[in-house]
Amino acid sequence: MQELELLRQIRQPWVQRSPQTLARAVNIREDLRNQLEQFFDRMEVSLETGTYSWMDPILSAWAEALPQSESPEMSSSLVDFIGDLLLFTVRVCEETLKPEYSVAITSGLLPIFLYCFRRAFEMEMEIRIRAISEQLQQVQQTLEKLDQSKSDFIAVAAHELKTPLTLVDGYAAMLRDALSTRNLSPYEIDLLNGIHNGTRRLKTIIDDMIDVSLIDNNLLSLNFQPVWINRILHVLENELQGVIKERQQTLTIQDFPGSGEMTFGDPERLLQVFRNVLTNAIKYTPDGGSISVDGRKLPGFIEVIIKDTGIGIDPEDQLLIFDKFARLGKTDLHSSSKTKFKGGGPGLGLHIAKGIVEAHGGAIWVESPGFDEKTCPGSTFHILLPLMTQPPDEKMARLLAPLTHKPAKKPLLGSRQP
Ligand code: ADP
């Protein structure tokens, strides 16, 4: 007898008994009856045509519905449910047909069930992956919201702090002026200097906080002008001479290919980037250490390399330090100075440097064999900046055209004009 005929012979008991066997709860049974009939119909078509994808629609409907049915009466895994269906089908075949026919139809149906198992497994995996990625997305959104509120808080706090600080700074300046005619004792001069240094330090922190909120909200606007990297570096060389001497360090700045070429960038902001990286190099290098600045010209880019003989950075922290408020080690041991050995700041310097470099279309990263305060393996910061022949701003490009375009050669006397 043909397999299809045999299948039709078991249809009635199969359709009648399957809901009771596979779902014991009455309400589920009613729902399931139709679906099981559909499953049987599709088994018939699959057996007749040899195309098993006929099973897909009912399988995917079950794959979506089963995990949501919280009933203990039914298996919530589609793979388990297909297993129950296979056992039930084999039982019905054994009870309805002669043994040889039962074996024949069971082996005929086996490839269909194998196909169902494979598809059920794939569908369940897809659903699980979808659920996990939805959860991840939610976590991501929560983190983004948190980061945004942190950023909002920084912006508000910075602006709120700036007004009273400006007042303190102004009154301190007035006091200094008022006392300038008097002969102050060294103690009184120390007090005035203390106020001045404190307000200056606070101002830098507040300015950094404002910069962070500008960067995080994509509001950093650059004032593109002609810049020369070697000039920026030499300005800093002069600026840092005092601390370098105080810390008995050596700072060597090389003129390297490309460093004397004119490019476009925001000079103040680029100065800030190199200042942040160089003051860190000074800060995290023990007294007597050395810092060197070198670089190279690459096609379309200039790479500045700042190397120190300091405490180094562990590989797992080398990305982290560019996050805001990233400070490594025991922060309670940090002093508040910008250039004393290991004097920690609020952990904003590198985040700002990264924001500025990226706004220029560049990149910043660090390499270091690891952190070791005793052996001091050192760190090497790389700053990659695009070499621009024109400022990105059109108005500025027109204004600076005489600088960026070489004048056309005058025609030779006597040469023919077109
Ligand atoms: P901070 O205000 O703490 O210096 P930064 O953003 O400038 O903040 O730096 C973040 C952290 O990266 C620092 O706290 C320090 O742990 C590490 N770091 C930065 N530069 C160096 C360096 N040259 N050598 C060793 N560690 C460094």
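Heavy atoms only: backbone and side chains are in, while hydrogens, waters and symmetry mates are out. What you see is a predicted model, and the numbers here were worked out from it, not measured in a lab. Counting from 1, the numbers follow the sequence of the chain as shown. Every number for a ligand or one of its atoms is a count from 1 in the order of the listing.
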Need the ligand 1 atom indices (1-based, order shown) with element for anything under 4.0 Å from a heavy-atom of [X].
| X | value |
| --- | --- |
| Gly312 | 25 (C) |
| Ile321 | 10 (C), 11 (C), 12 (O), 17 (C) |
| Lys283 | 1 (P), 2 (O), 4 (O) |
| Gly347 | 1 (P), 2 (O), 3 (O), 6 (O), 8 (O) |

Under 4.0 Å, counting heavy atoms only: does [X] come that close to any atom of ligand 1?
| X | value |
| --- | --- |
| Phe322 | no |
| Gly310 | no |
| Leu348 | yes |
| Ser368 | no |
| Lys324 | no |

Is the backbone of Thr285 close enough, under 3.5 Å, to the side chain of Gln249 for a donor and an acceptor to pair up by distance?
yes
Give a yes or no answer on whether the side chain of Ser185 reaches the backbone of Glu188 with a donor-acceptor pair at less than 3.5 Å.
yes
For the residue pair Glu237 and Ile244, establish whether any side-chain heavy-atom pair is separated by less than 4.5 Å.
no
With a 4.5 Å cut-off on side-chain heavy atoms, are Arg296 and Ile302 touching?
no
Considering distance alone, does some N or O of Gly349 sit under 3.5 Å from an N or O of ligand 1?
yes
Does the separation of the ring centres of His360 and Phe224 fall below 6.0 angstrom?
yes
At under 4.0 Å between heavy atoms, which part of Ile313 makes contact with ligand 1: side chain, backbone, both or neither?
side chain
Within reach of ligand 1, part of Asp308 (heavy-atom separation under 4.0 Å)
side chain
Do we see a donor-acceptor contact under 3.5 Å between the side chains of Asp314 and Gln318?
no
Test side chain to side chain donor-acceptor pair (under 3.5 Å) applied to Asn230 and Glu261, step by step:
CA-CA 9 Å; Asn230 61 356; Glu261 268 180 42; over 6 Å; no
Classify the ring geometry of Phe39 against Trp14: parallel below 30°, tilted from 30° to 60°, perpendicular beyond 60°.
parallel
What's the separation between atom CZ in Phe256 and atom CG in Leu233, rounded to the nearest 0.5 Å?
6.5 Å
Measure from atom 9 (O) of ligand 1 to every heavy atom in Ile311, Thr285, Leu350, Leu278 and give the option owning the shortest one.
Leu350
